[in-house]
Asker: 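Quick one: this structure, given as structure tokens, is what I'll be asking you about.
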Amino acid sequence: MLSDLGALAAIGLAVLVGAIYLLPSLIAFNRGVERRWMILFINVFLGGSVIFWLIALYLATRKVKTTEQAPEQAAAAQPAA
């Protein structure tokens, strides 16, 4: 099957597979996740197994914890005087 592909199509397929493989790392760096280097390490070195790839994807897409409160939460947290 792959022998029937042209050289350009084979390169395109390799780039597509590489982008899918590195998707958790790309998401983590794009979102500015705090532990993006750990996600990259898990993705590159352990991502060959589907379980670790899914763990890296979860870490890259989970909600980022913030120390700041939203204005409506801050107002609700303060007691009325």
Side-chain angles (χ1 to χ4, degrees):
M1 177 180 156
L2 290 177
S3 62
D4 294 338
L5 290 175
L8 187 59
I11 292 171
L13 182 63
V15 169
L16 180 64
V17 169
I20 291 172
Y21 181 77
L22 293 174
L23 186 63
S25 297
L26 296 172
I27 291 171
F29 277 88
N30 190 34
R31 293 183 69 215
V33 175
E34 183 178 333
R35 297 186 175 207
R36 58 188 170 263
W37 291 103
M38 180 187 68
I39 294 170
L40 178 67
F41 178 82
I42 291 171
N43 192 196
V44 170
F45 294 109
L46 302 173
S49 71
V50 176
I51 293 172
F52 283 106
W53 187 88
L54 289 172
I55 289 171
L57 184 62
Y58 167 73
L59 292 173
T61 58
R62 72 181 178 169
K63 186 175 180 179
V64 178
K65 295 179 184 176
T66 59
T67 57
E68 299 176 10
Q69 293 181 345
E72 57 273 357
Q73 290 176 342
Q78 295 176 351

Asker: Working to the nearest 0.5 Å, report the span between CG of Leu23 and OG1 of Thr61.
Answerer: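 Answer rounded to 0.5 Å: 9.5 Å.
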Asker: Measure the shortest side-chain to side-chain distance between Asn30 and Leu26 over non-hydrogen atoms and say whether it is less than 4.5 angstrom.
Answerer: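 The answer is no; the side chains never approach within 4.5 Å.
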Asker: Nearest 0.5 Å please: distance from the OG atom of Ser25 over to the CG atom of Asn43.
Answerer: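 That separation rounds to 3.5 Å.
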Asker: Ala60 and Pro24: which non-hydrogen atoms are nearest, and at how many Å?
Answerer: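 Heavy atoms of Ala60 and Pro24 come nearest at CB-O, 3.2 Å.
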Asker: Looking at side-chain heavy atoms only, is the closest gap between Phe29 and Leu40 below 4.5 Å?
Answerer: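 Yes, side chains in contact.
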Asker: For residues Val44 and Phe41: do they belong to one hydrophobic cluster (side chain heavy atoms under 4.5 Å, members Ile, Leu, Val, Met, Phe, Trp, Tyr)?
Answerer: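 Yes; tracing contacts between hydrophobic side chains, which count when under 4.5 Å, links both residues.
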Asker: Would a single hydrophobic cluster contain both Phe52 and Ile20, if residues Ile, Leu, Val, Met, Phe, Trp and Tyr are joined by side-chain heavy-atom contacts under 4.5 Å?
Answerer: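 No, Ile20 and Phe52 fall in different hydrophobic clusters.
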Asker: Please report the closest heavy-atom contact between Arg31 and Arg62, naming both atoms and the distance.
Answerer: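 Heavy atoms of Arg31 and Arg62 come nearest at NH1-O, 3.1 Å.
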Asker: Starting from Val50, can I reach Ile27 by hopping between I/L/V/M/F/W/Y residues whose side chains sit under 4.5 Å apart?
Answerer: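 Yes, Ile27 connects to Val50 through the hydrophobic network.
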Asker: If we only count heavy atoms from C-beta on, is the Val33 to Leu59 side-chain gap below 4.5 Å?
Answerer: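 No - every pair of side-chain heavy atoms lies 4.5 Å or more apart.
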Asker: Answer yes or no: does atom CZ of Arg35 have more than 12 heavy-atom neighbours from other residues, nucleotides or ligands under 6.0 Å?
Answerer: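 Open: at most 12 neighbouring heavy atoms sit under 6.0 Å from CZ of Arg35.
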Asker: Do the ring centers of Tyr58 and Trp53 come within less than 6.0 Å of each other?
Answerer: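 No, they do not, as the ring centres are separated by 6.0 Å or more.
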Asker: Got a sec, which pairs hit ring-ring contact (aromatic ring centres under 6.0 Å, His included) with one end in residues 8-28, sequence neighbours left out?
Answerer: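 Passing the test, one end in residues 8-28: no pairs.
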Asker: Are more than 12 heavy atoms from other residues, nucleotides or ligands located less than 6.0 Å from atom CD1 of Ile51?
Answerer: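 Open: at most 12 neighbouring heavy atoms sit under 6.0 Å from CD1 of Ile51.
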